[in-house]
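One structure is given below, encoded as C-alpha cells.
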Amino acid sequence: MSEIQEEKTNVQQEYNASNIQILEGLEAVRKRPAMYIGDIGERGLHHLVYEVVDNSIDEALAGYCKNIEVCIHEGNSISVLDDGRGIPTDMHPKENRSALEVVLTVLHAGGKFDKGSYKVSGGLHGVGVSCVNALSKYLKVEVYRNGKHYVQEYQYGKPLYAVKEIGDSDKHGTYVFFTPDDSIFDVTTYKYATLSARLRELAFLNKGIKLSIKDLRAVNEDEEQNADTFCSENGLKDFIAYLDTSNKEKLMEDPICMEGEKNGIPVEIALQYNASFTENIHSYVNNINTIEGGTHLTGFRRGLTRTLKAYGENSGAFAKLKFDIDPADFREGLTAVISVKVAEPQFEGQTKTKLGNSEVENVVSQLMGEMLTYYLEEHPNEAKRIIDKVVTAATARHAARQARELVQRKSVLSGSGLPGKLADCTCKDPAQCELFIVEGDSAGGTAKKGREVRIQAILPLRGKILNVEKAMRHHILENQEIKNIYTALGVTIGTKEDSQALNLEKIRYHKIIIMTDADVDGSHIDTLLLTFFFRHMRELIELGYVYIATPPLFMVGKKDKEHTYCWTDEERIELIKKYQEQGKAVEVQRYKGLGEMDYDQLWETTMDPQKRILRQVTIENAMEADYVFSMLMGDDVPPRREFIEKNARYANIDA
C-alpha cells in the first residue's frame, strides 16, 4: 500500500450546548415528510434508521465511538445504541432548555453545523434525529454522559417532559428508540436485508468500527433469529474483496490500496482488475453513496487514464495498435471504491447524490496519479497484466464498433428501423408511452390483443437473452434479442463525453415493463433482463423507467361468474376459506404462463394502468446489487446455491 501521511484532525475537545447551532424549525416535517426523507414509502422508512446511525458514525469519524448497535423490535420499532460522547444535556444558551431537547425538536440543530465539533459529517440531507422524532409516534432517547444517565420521551415529535437525570452511570453514549408513525408512512415493515447491507457498507467505509444488527421480531420455529456484526480492519481492501466475489478471475493477488490527503481532503481508494468485461466503480463522499458520481469520480478516472496511458506508451505496449485507446478501455474489468471526506460537500444531480465541489477533482486526480505510478513501478508483473487487459479491451471495443453500428443503423427492409416483432403504440410522447418486454410469442400475442394501442407497445422475446455477466461487449451487441431492445427503445451508445455511455436523446418510452410468466423460467428471464439493464442501461433504472409487471398467480371462482384474482398463496388460502364459509363452490386456476390468460384477463389484472400492480426497479444499494448480480450470474456455484437456499422460501415460483 502506498500511503501519504494524513494530517491530524484538530477536533475541539469541548463538546457542550454552545456547540449546538439552530438553523430552522421543525413544523414543516410532518406536513411534507417527503421533502426531508425522500418519500413516505420503504425508502423513507429505512432512511429514518440511517439518520440516527449517521449521528453515531459522526462520533466515530471524530474519534469518540467504536461500537454501534441496531435492533429491530416487535412492532417494527428501532433502537440505535452507540458508545460515543453522548448528546449534550446542559442548557442551550439561546433556547433556555436542554441541548438534548433542542437536537430532538429543532430541524438542522446539531453539532455537525459547528465546525469545531465535527470536521466532516455523514447524512445526505442532514435533517438528523429531529426529523426522525417528528415522523415517529413515539421516541425515547437516553444519554450516558459525564457519569450521569439522562432520559426524555416524545410523542409525534413533542416532548412528554423535560430532560431528566435518572441516575449515575459509568457508561457513555446515546440510545435512541423510536416507532415510525403509521399514519404517515405507506409501509411500516423494516427489511432486515436492507438495513444489514447499509451497516456492512458503513463498516467497510469506516475501518475499525463495529456495527451490529439484531432482528428481535418473532420468527418461525425452524428459522434462526437474524443477527450480524460487521467490522472491517482493512477498510476498502475488504470492500473490494467482498465486491469481487470468488467467481471473478483476478489479475492481481491483492487489491491496490491507496490512502492520502491533499488540501485538507482525505482520499481512500482501493481497486482491483479481474477478467470480467464490466466496469464496477463505487464512489462515496462522507459515507454517502454518490450513485451519480461527481467530481471525485471524474478525478479518479482522469488520474487512472493518464497514469496507465503513460505507463503503456513508455513500455511500448501500445506500439502495435492501429487505433487509439479509449478511456473506457482502462476501466474494463475494474472494480474500485473511492471514498473522500469533504468538510462542506455540495450535492447536485437527479437524486442529489452527485458531488459538485470542483476542488475535489484535482485532489483525487493528483493523488491517484502519484500513488498508482508508485504501485506500477514497484509491481511490474501486475502492471503488465493490467496493460495487457487494456489492450485486450481496446481490441474487443474495436471489434464491437461494427456490431454497435448494426444496432444503430436503420433497417432498409423495415423502413422505420424498428424490430419486426415490435407492436408499437401510436402515441409519440415518450413520457406517456410504455414498452412491455414479454416472454415468448404466445404471451406477446395475448398482450397485443389486450393492450391500449395508443400508449402501450409490445416486444416479444424469443427465449432467454444472453447472460451479459459473462459476455464481451461485442458479443452482447451481436445478440439479436439485445439488438431488438436497443432499437425498440431508440437508445444508442456513445456521447461526446463518453464513447461507452448510453445516449438517451431519442428514447421512445419512459416506462419499460418486464412481463414474464410466474414460474422458474420467467424468474430466470427477469434476472437476465435485470442484469442487462443494471450492467448496460443503468441510467434507465436510475431515472425510474424500469418496472416489473406482477400478473396474478391464481383465479378463485369461475371466469364468467364470481371470481377473484390472487397474487400470493396467502390470499388464495384466505379466499378459499371465505368461499367455503359462504357455502360456495370453489374452483382454483393456477396461472403458470401469461399465455394461459385471455387477453381481457391479462388487461384487467396486469396491463390496465388503473388496476395493475407494477414494481419499480430501484437501486437502493449499488454495492449490494453488484454483489448479487455477480454471484447469481457468474460461474461460482456455492455462493449462488447458498443465496437461493436462504431466499427461496420467500419467492412465489414453482419448484
Practice task
Apply side chain to side chain contact (heavy atoms under 4.5 Å, CB included) to D238 and list each qualifying residue two or more places apart in sequence or on a separate chain.
Solution key: F204, S232, N234

Handout entry: Side-chain heavy-atom pair E292, L297 within 4.5 angstrom cut-off
Key = no

Exercise for the section: Taking atom types as modelled, find out whether H47 and E51 have a side-chain donor-acceptor pair closer than 3.5 angstrom. Expected result: yes

Handout entry: Close side-chain approach of V340 and Y284, heavy atoms under 4.5 Å
Key = no

Handout entry: Check against salt bridge (Lys or Arg N to Asp or Glu O under 4.0 Å), R535 and E469
Key = CA-CA 8 Å; R535 292 301 187 199; E469 192 70 16; 2.9 Å; yes

Exercise for the section: Just say parallel, tilted or perpendicular for the rings of Y486 and F532, cut-offs at 30° and 60°. Expected result: perpendicular

Just distance, no hydrogens or angles: give the donor-acceptor pairs under 3.5 Å from side chains in residues 384-394, sequence neighbours left out.
unit_1: K384; atom_1: NZ; unit_2: D388; atom_2: OD2; d: 2.8
unit_1: R385; atom_1: NE; unit_2: L251; atom_2: O; d: 2.5
unit_1: K389; atom_1: NZ; unit_2: S276; atom_2: O; d: 2.7
unit_1: T392; atom_1: OG1; unit_2: D388; atom_2: O; d: 3.0

Problem - Test log, rule salt bridge (Lys or Arg N to Asp or Glu O under 4.0 Å), inputs R301 and E361 - result: CA-CA 10 Å; R301 286 176 167 172; E361 181 176 339; over 6 Å; no

Problem - side chain to side chain donor-acceptor pair (under 3.5 Å) involving T527 - partner list, sequence neighbours excluded - result: none

Exercise for the section: Check F239 against E201 and note the closest heavy-atom contact, atom names and distance. Expected result: CZ-CG, 4.3 Å

Practice task
Check whether any side-chain heavy atom of T229 lies under 4.5 Å from a side-chain heavy atom of K210, and answer yes or no.
Solution key: yes

Practice task
Compare every heavy atom of N286 with every heavy atom of K341, then report the nearest pair and how far apart it is.
Solution key: CA-OD1, 3.1 Å

Exercise for the section: Go through the steps to decide whether K262 and E359 satisfy the test salt bridge (Lys or Arg N to Asp or Glu O under 4.0 Å), and finish with yes or no. Expected result: CA-CA 10 Å; K262 192 180 287 287; E359 70 277 9; over 6 Å; no

Handout entry: Side-chain donor-acceptor pair present, N280, H282, cut-off under 3.5 Å
Key = yes

Problem - L334 and L271, any side-chain heavy atoms less than 4.5 Å apart - result: yes

Problem - K354 vs F347 side-chain heavy atoms within contact, under 4.5 Å - result: no

Completion exercise
Taking every heavy atom of F330 against every heavy atom of Y273, the minimum-distance pair comes out as O-OH, 2.5 Å

